[in-house]
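Right, one structure below, let's go through it.
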Number of protein chains: 2
Amino acid sequence: MLHAVTDIDTSETLTERQKAVLDAALRLLVEEGDQLTMTAVARRASCSKETLYKWFGDRDGLLTATVQWQASKVRVVPVDRKGLDLASLTASLERFASDWLKVISSDTSIALNRVAVGHASSGKDDLGAIVLENGRFALARRLKPVLEAGKEAGFLEFSDAETAFRTFFGLVARDVQIRLLLGDRLELTDAAIGGDAVRATQQFLALYGAKTGPRGL
Amino acid sequence: MLHAVTDIDTSETLTERQKAVLDAALRLLVEEGDQLTMTAVARRASCSKETLYKWFGDRDGLLTATVQWQASKVRVVPVDRKGLDLASLTASLERFASDWLKVISSDTSIALNRVAVGHASSGKDDLGAIVLENGRFALARRLKPVLEAGKEAGFLEFSDAETAFRTFFGLVARDVQIRLLLGDRLELTDAAIGGDAVRATQQFLALYGAKTGPRGL
DNA sequence: TCAATAGCGTACCGTACGTTACGGTTCGTA
DNA sequence: TACGAACCGTAACGTACGGTACGCTATTGA
């Protein structure tokens, strides 16, 4: 049976025990990738397979619930739109860049993205859509207001926020995610991430910083 | 048995029949993703499974050979380093950007990357390394001489070619590859690719164009 | 003409794993 | 205390698929 994958607030309908089971599945997913078995999940979570099937329908349902569960855990605090100056705008952008690099280089993100990519080939479920929705698109939703605010305040110049966002995205992520997904060793230290965040932000400001505003390039 | 994956010129040691079989496997990989079966490959290629095992050892060997076979087909012409002016440099960069976007949005590339990502979780083989070596790293090897030439000629300014390359890579690819791998519909028309190539090149020149050279930003 | 080899098609084997079934245990409730 | 629901642990079932064996055909070479 297919369970609805469009549910957003699954975190509300899950019991503590179910969350614990999904956490176990998540840990197993990080350790073993997509070849995790129902038996392994049951053993790790100290629950019976019958319970897994009752709760999640089938293997795909469990995978979907696991991905949604992880997604629900990374709800972020909205950015405060208070007094906006160039320094705070820069700090916000660097914060976004740093956070994003930390996310995509985390074991959890890598494992989840790998599973979702693997499932995208045979479009049985929407794992890819879920990951995308809670990753790249969620980032855009959170960042665009900041960009718009920067534009309003005269610090940024762009006609299309989507294009500006994608440029920022490219400057931040570059080849990191695809390399990690393909198994490239690429340990990102906190220092390296911080440096990359600063560099990406500076490059973005160089491209989209207003020449006529309170402060130009 | 594990077959060596470091062989580069496998195209030389393959018979025509073997190439035809690998082409069939490749087509099947594009159509069905990683869940292609040995039986399906044998049927599509009109050969026996016994032959597949004799030639390629096991399923992973067949996959590896298929990826290498595709990689060997995309040998590119080296860039001519003739008279370099800003126009030809710009044209070269746009060409690289356009070619790369075409590659990463092709069905073949998407299928191969998906398989390689899936296999990267359990590091049994080096599919990820092969794809990376013939994709992102091959691009860097071909592009860096162009960047260096642009620097020599005074059109570009950078201290580290690798960093400059990765910035270019990010400006070109942005979120395209991960979205496609995750199953996002995102049809890239030739016109869109051309436009993106121009935009990425202009942005790169804005960031790395020499302010003191024959022509500044 | 006659092996001999390569390769096609297919049947077969063993195993891994998704899925189901069932006995036993805990726990909440009357 | 009795009952039932939920759940654990495990055994069992069915199937898909990787891998192997074998018979048959065709081509090659002496």
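Residue numbers begin at 1 in each chain, while the letters A, B, ... track the order of the sequences.
The salt bridge (charged side-chain N to carboxylate O under 4.0 Å, His left out) contacts involving residues 26-43 of chain A comprise E31(A)-R44(A), D34(A)-R59(A), where partners must be two or more places apart or lie in separate chains. For residues 175-205 of chain A, the ring pair (Phe, Tyr, Trp, His ring centres under 6.0 Å) pairs, not counting sequence neighbours, are F168(A)-F204(A), F204(A)-Y208(A).
Rounded to an integer number of Å, the gap from L63(B) CG to dG18(D) P is 10 Å. The CG atom of L52(B) sits 11 Å away from the P atom of dG19(D) (whole-angstrom rounding). Between the P atom of dC17(C) and the CG atom of D58(A) lies a distance of 17 Å, rounded to the nearest Å. Atom CZ in R59(B) sits about 14 Å away from atom C1' in dA16(C), given to the nearest Å.
For S106(B), there are no side chain to side chain donor-acceptor pair (under 3.5 Å) partners at least two apart in sequence or on another chain. For R114(B), there are no salt bridge (charged side-chain N to carboxylate O under 4.0 Å, His left out) partners at least two apart in sequence or on another chain. For E94(A), there are no salt bridge (charged side-chain N to carboxylate O under 4.0 Å, His left out) partners two or more places apart in sequence or in a different chain. For T163(B), the side chain to side chain donor-acceptor pair (under 3.5 Å) criterion is met by D160(B), not counting sequence neighbours. Remark: D23(A) engages K73(A) in a salt bridge (charged side-chain N to carboxylate O under 4.0 Å, His left out) (not counting sequence neighbours). In this structure, the salt bridge (charged side-chain N to carboxylate O under 4.0 Å, His left out) partners of D99(A), at least two apart in sequence or on a different chain, are R95(A).
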* Using a 4.0 Å heavy-atom cut-off, write out nucleotides 20-26 of chain D from 5' to 3' as B (base contacted by protein), S (sugar-phosphate only) or - (no contact). => BBB----

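Between dG9(D), dG19(D), dG7(C), one nucleotide has an atom nearer to the side chain of S46(A) than all others, and that is dG9(D).
Side-chain nitrogen and oxygen atoms of R17(A) include at least one within less than 4.0 Å of the OP1 or OP2 phosphate oxygen of dC8(D). Look at W55(A) and you'll find a side-chain N or O under 4.0 angstrom from OP1 or OP2 of dC7(D).
No side-chain donor-acceptor contact under 3.5 Å links K49(B) to the backbone of A42(B).
Scanning residues 25-45 of chain A for heavy-atom distances under 4.0 Å to DNA chain C yields L36(A), T37(A), M38(A).
Each end of the helix from dT1(C)-dA30(D) to dA30(C)-dT1(D) gets its own axis, taken as the rotation carrying the C1' atoms of four end pairs onto the next four within a five-pair window, and the two axes meet at 0° to the nearest 10 degrees.
Side-chain contact check for V176(A) versus D196(A): every heavy-atom pair is 4.5 Å or farther apart.
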Give the table of side-chain donor-acceptor pairs shorter than 3.5 Å for residues 182-193 of chain B, with sequence neighbours excluded, one pair per line with atom names and distance.
| unit_1 | atom_1 | unit_2 | atom_2 | d |
| --- | --- | --- | --- | --- |
| D184(B) | OD2 | R179(B) | NE | 2.7 |
| D184(B) | OD2 | R179(B) | NH2 | 3.0 |
| T189(B) | OG1 | A192(B) | N | 3.0 |

